[in-house]
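First up is the structure itself, then whatever we jot down about it.
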Amino acid sequence: MKKALVCGAGGFIGGHLVKYLKDKGYWVRGVDLKHNEWQPVHEFCDEFVQADLRDPEIVSSVVSRDLDEIYQLAADMGGAGFVFTGENDADIMHNSALINLNIAHEASKKGVKKVFYSSSACMYPEHNQMDPDNPNCSESSAYPANPDSEYGWEKLFSQMAIDISGKKLIIHNINGDEFVKKYGHKCPIGVNGRNSDNTLYREKVGWVVSRPLIEGMKKTYEWVNKQVKR
Ligand SMILES: NC(=O)c1ccc[n+]([C@@H]2O[C@H](COP(=O)([O-])OP(=O)(O)OC[C@H]3O[C@@H](n4cnc5c(N)ncnc54)[C@H](O)[C@@H]3O)[C@@H](O)[C@H]2O)c1
């Protein structure tokens, strides 16, 4: 039976991931500062540790040698309204970098073979996200670096810091109204301007998109609209 550690198990993606891994027959240890508000994720985990991953001793205790995979999703990440106001930049950089450095150190010390790190589209150069007709978000475009936010800079730094021996996938973000308020219309325009380049996914894991972005966006917006009207 494979053993996985999910950091940030109490969060949005981590909560779904725990369930997914359990369905696949994994033994799962989840770690988070908090429980998940929407579902009893701690009950799905074989072990749930409520603790602070900024603390190196905690990370040393949850990263054990018997782990096959680590999924590092824990971050100071309150969505666009938190990330793009500028007010939380110091916390974002400090907190998330500490977590990532701790995980990188322990994973490499204990010889864990696969570490998944969730980066962000925010680490791509800002100027490549301005034109919805020509977004350039391929991994090879990341340097020379010009991330669109301090959150993006931290992601880029931590990508470097984490010795990834497994699969490196970039999870994309959708910017909200706060961002437009701050930058006006001359700003990276979220998913329109940062449609992901999936060449590396195809090469490394054989994954190809099953439907065009426009179709997925339509379905998402219809769902959001329905929730707002409820
Ligand atoms: N959701 C998105 O659209 C999106 C897009 C791009 C990247 N990402 C990245 O994916 C990851 C997960 O995102 P999410 O949407 O699930 O976020 P989330 O905020 O729902 O989950 C992050 C979890 O990390 C936990 N956490 C924060 N600091 C911690 C600490 N010191 N110790 C232990 N746990 C701590 C939080 O309590 C939270 O439950 C993040 O790294 C985020 O930057 C998400």
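Both ligands and their constituent atoms are indexed starting at 1 by order of listing. Atoms considered below: every heavy atom in the structure, side chains included; atoms not considered: hydrogens, waters and symmetry mates.
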>> Quick check on contacts: which atoms of ligand 1 are under 4.0 angstrom from a heavy atom of Lys34?
In response: 37 (O), 39 (O)
>> Looking only at distances, can you tell me whether any N or O atom of Ile13, backbone or side chain, sits closer than 3.5 Å to an N or O atom of ligand 1?
In response: yes
> Of all the atoms in ligand 1, which lie at a distance below 4.0 Å from a heavy atom belonging to Leu53?
Replying inline: 30 (C), 31 (N), 32 (N), 33 (C)
>> Among Ile70, Asn102, Val115, which residue satisfies the side chain to side chain contact (heavy atoms under 4.5 Å, CB included) criterion with Val63?
In response: Ile70
> Purely on distance, is any nitrogen or oxygen of Gly11 under 3.5 Å from one on ligand 1?
Replying inline: yes
> So, do Lys219 and Arg211 sit near enough that their side-chain heavy atoms are less than 4.5 Å apart?
Replying inline: yes
>> Please evaluate residues Asp46 and Lys3 with respect to the criterion salt bridge (Lys or Arg N to Asp or Glu O under 4.0 Å), reporting the C-alpha separation (whole Å), side-chain torsions for both, the decisive distance (0.1 Å), and the verdict.
In response: CA-CA 10 Å; Asp46 295 278; Lys3 284 193 154 193; over 6 Å; no
> Does an N or O anywhere in Lys155 fall below 3.5 Å from an N or O of ligand 1?
Replying inline: yes
> Is any side-chain heavy atom of Leu67 closer than 4.5 Å to a side-chain heavy atom of Ser64?
Replying inline: yes
>> Quick check: Gly8 and ligand 1, any N/O pair under 3.5 Å apart?
In response: no
> Got an N/O contact under 3.5 Å between Leu33 and ligand 1?
Replying inline: yes
>> Need the ligand 1 atom indices (1-based, order shown) with element for anything under 4.0 Å from a heavy-atom of Gly10.
In response: 39 (O)
> Step by step, would you call Val62 with Arg29 a side chain to side chain contact (heavy atoms under 4.5 Å, CB included)?
Replying inline: CA-CA 8 Å; Val62 295; Arg29 176 182 295 135; 4.1 Å; yes
> Can you tell which part of Ser119 has a heavy atom less than 4.0 Å from ligand 1: side chain, backbone, both or neither?
Replying inline: backbone
>> Heavy atoms only, cut-off 4.0 Å: how does Asn36 contact ligand 1, side chain, backbone, both, or neither?
In response: neither
>> If you count every heavy atom of other residues, nucleotides or ligands that lies below 6.0 Å from Glu222 atom CD, does the total exceed 12?
In response: yes
> Please walk me through it: do Tyr124 and Asn136 pass side chain to side chain contact (heavy atoms under 4.5 Å, CB included)?
Replying inline: CA-CA 8 Å; Tyr124 291 119; Asn136 182 7; over 6 Å; no
> If hydrogens are left out, which of Tyr151, Tyr117, Tyr71 has an atom nearest to atom 42 (C) of ligand 1, that is, the closest non-hydrogen atom?
Replying inline: Tyr151
> In terms of heavy-atom contacts, does NZ of Lys34 have more than 12 from other residues, nucleotides or ligands at under 6.0 Å?
Replying inline: yes
>> If you measure every N or O of Ile99 against every N or O of ligand 1, does any of those distances drop under 3.5 Å?
In response: no
> Taking only residues two or more places apart in sequence or in another chain, which ones pass ring-ring contact (aromatic ring centres under 6.0 Å, His included) with Phe12?
Replying inline: His16
> Going by the angle between their ring planes, with limits at 30° and 60°, are Phe116 and Tyr71 parallel, tilted or perpendicular?
Replying inline: tilted
>> Under 4.0 Å from a heavy atom of Asp52: which atoms of ligand 1 are those, numbered in the order shown and with their elements?
In response: 30 (C), 31 (N), 32 (N)
> Does an N or O from Ser120, backbone or side chain, lie closer than 3.5 Å to an N or O of ligand 1?
Replying inline: no
> Considering only heavy atoms of Ala74, which atoms of ligand 1 have at least one such atom less than 4.0 Å away?
Replying inline: 24 (O), 34 (N), 35 (C)
>> Test of understanding: with side-chain hydrogen bond (donor to acceptor under 3.5 Å, both in side chains), list the residues that count as partners of Asn95, not counting sequence neighbours.
In response: Arg54, Asp76
> Going by heavy atoms, is Ala51 under 4.0 Å from ligand 1?
Replying inline: yes
> Relative to ligand 1, is Ser96 under 4.0 angstrom through side chain, backbone, both or neither, heavy atoms considered?
Replying inline: neither
